Amino acid sequence: MQIIDGKATSLAIQDEIKEEVQRRVADGAKKPHLAAIIVGDNPASRAYVGHKIKACERVGFDSTLVELSENILEEQLLDEVQALNEDPAIDGFIVQLPLPDQIDAQRVLEAVLPSKDVDGFHPINAGNLSLGLPGFQPATPAGIIELLKRYSIETSGKHAVILGRSAIVGTPMTLLLSRNANPGNCTVTMCHSRTQNLDEITRSADILVAAIGRPHFVTPDMVKPGAVVIDVGINRIPDATKKSGTRLTGDVDAEGLSDVDGHITPVPGGVGPMTIAMLLKNTLDAAAQS
Ligand code: NDP
């Protein structure tokens with residue numbers, strides 16, 4: 001398998017964004033400003049938000065981290081969202097998921113002003129995506145599209161199989177790959193936990209996107225030789241050789257696939273860094289529109 005290097009591609013995009021910021025600031029514009037709300041102490045969420053804030057520094061954005069207690073009430077969180085909606089200094093913001101049980105996450109996401117919704121999770125942005133209208137696209141599927149584009153992978157007329165139908169990955173990925181665009185124009189099959197004969201379907205995929213959250217779910221016998229395999233999964237599994245006792249792995253058995261012809265995104269270093277690059281790109285666009 002040839003590696004699709006998401007980390008290097010993300011850094012290249014970040015360099016492009018940095019240059020654009022410098023150009024705009026030289027022309028008298030203010031720096032783009034991204035805010036992130038994080039609720040509680042979930043270590044994975046903290047790590048993700050930390051990477052996003054660090055990336056802001058790298059490209060010359062201002063950033064604000066709003067840290068809130070695990071016990072916050074829904075109304076208080078909605079007030080924080082409203083404050084960011086109304087703050088003219090903030091171009092875009094995200095509410096890091098998951099949120100604690102006492103909070104209706106959908107209600108919070110719907111409270112974000114669509115013009116500042118750089119995660120692309122608001123129903124207005126999701127609706128625009130499904131209609132092919134301009135709007136913020138969720139960063140993970142947008143990052144996958146960007147990888148396919150930058151690696152000149154032909155998608156037109158190909159069979160894409162998406163494993164997972166979540167609102168943040170599987171569903172928007174299905175929409176983006178089936179659009180009349182380049183990359184796009186795929187014939188897409190979206191699979192989920194009730195799909196029957198899954199192996200048969202995945203074996204017919206020219207492009208296979210795995211976004212289910214199960215370590216090494218996709219085994220070599222499920223992949224057609226020559227396929228492009230996009231591994232979205234981020235799973236933490238035990239590994240006694242690591243100081244932490246764990247390591248990150250994807251939804252695909254990448255080791256088992258190493259001798260198979262085709263392309264694959266590694267975990268880590270594939271889709272994850274692209275998600276950050278596209279969040280920055282959305283924030284740059286939000287700043288340009290404000
Ligand atoms: P969700 O849990 O929201 O969705 C998982 C999907 O997988 C569901 O649609 C589910 O089906 C489906 N599924 C579960 N088991 C099976 C199965 N045995 N066969 C077929 N389909 C199955 O996850 P997300 O979409 O949020 O995330 C998926 C993975 O991607 C996770 O590992 C997550 O950490 C990672 N991720 C990575 C990102 C990155 O930047 N790299 C960003 C976002 C997520 P059903 O709907 O029927 O339950």
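Just follow the structure's listing: the first ligand is 1, and inside any ligand the first atom is 1. For the numbers below, each heavy atom of this structure counts, side chains included, while hydrogens, waters and symmetry mates do not. Because the structure is a prediction, the values reported are computed rather than measured.
- You'll find the side chain of L84 reaches within 4.5 Å of the side chain of I37, heavy atoms only.
- Taking the side chain as every heavy atom from C-beta outward, L148 and T155 approach each other to under 4.5 Å.
- Considering only heavy atoms from C-beta on, L177 stays 4.5 Å or farther from P141 through its side chain.
- Taking a cutoff of 4.0 Å between a charged side-chain nitrogen and a carboxylate oxygen, E67 and R46 qualify as a salt bridge.
- Among protein heavy atoms, atom 14 (C) of ligand 1 sits closest to R214 NE, 3.9 Å.
- With atom 46 (O) of ligand 1 as the reference point, the heavy atom nearest to it among R165, M274, M173 is part of R165.
- Contact annotation: for I234 versus ligand 1, heavy atoms closer than 4.0 Å belong to both the backbone and the side chain.
- Ranked by closest heavy atom to atom 35 (C) of ligand 1, the top entry among V218, L248, L279, V232 is V232.
- Within a 4.0 Å radius of atom 2 (O) of ligand 1, the protein has no heavy atom.
- When only non-hydrogen protein atoms are considered, atom 5 (C) of ligand 1 lies nearest to I212 O, 3.6 Å.
- Of the candidates P98, S193, S166, P215, the one placing a heavy atom closest to atom 45 (P) of ligand 1 is S193.
- Here the protein heavy atom with the shortest distance to atom 19 (N) of ligand 1 is F217 CZ, 3.7 Å.
- At least one heavy atom of I168 sits under 4.0 Å from some atom of ligand 1.
- With sequence neighbours excluded, the residues satisfying side chain to side chain contact (heavy atoms under 4.5 Å, CB included) with S290 are D91.
- For R150 and E16, the salt-bridge test passes: some basic side-chain N is under 4.0 Å from an acidic carboxylate O.
- Here the protein heavy atom with the shortest distance to atom 29 (C) of ligand 1 is G213 N, 3.6 Å.
- An N or O contact shorter than 3.5 Å links T275 to ligand 1 by distance.
- Considering backbone and side-chain atoms alike, G164 places every N or O at 3.5 Å or more from each N or O of ligand 1.
- Partner of H216 under the side-chain hydrogen bond (donor to acceptor under 3.5 Å, both in side chains) criterion, chosen from D253, N235, T249, D231: T249.
- Looking at M278, H192, H51 and measuring to atom 20 (C) of ligand 1, the nearest heavy atom belongs to H192.
- Scanning all heavy atoms of the two residues, the minimum distance from A211 to V232 falls at CB-CB, 3.8 Å.
- For the ligand labelled ligand 1, residue G272 lies inside the 4.0 Å heavy-atom shell.
- Scanning the protein heavy atoms around atom 43 (C) of ligand 1, the nearest turns out to be V169 CG2, 3.8 Å.
- Among protein heavy atoms, atom 42 (C) of ligand 1 sits closest to T140 OG1, 3.2 Å.
- Remark: distances from the non-hydrogen atoms of V271 to ligand 1 include one below 4.0 Å.
- Residues near L73 contribute nothing to a hydrophobic cluster around it, because no ILVMFWY side-chain heavy atom sits closer than 4.5 Å to its side chain.
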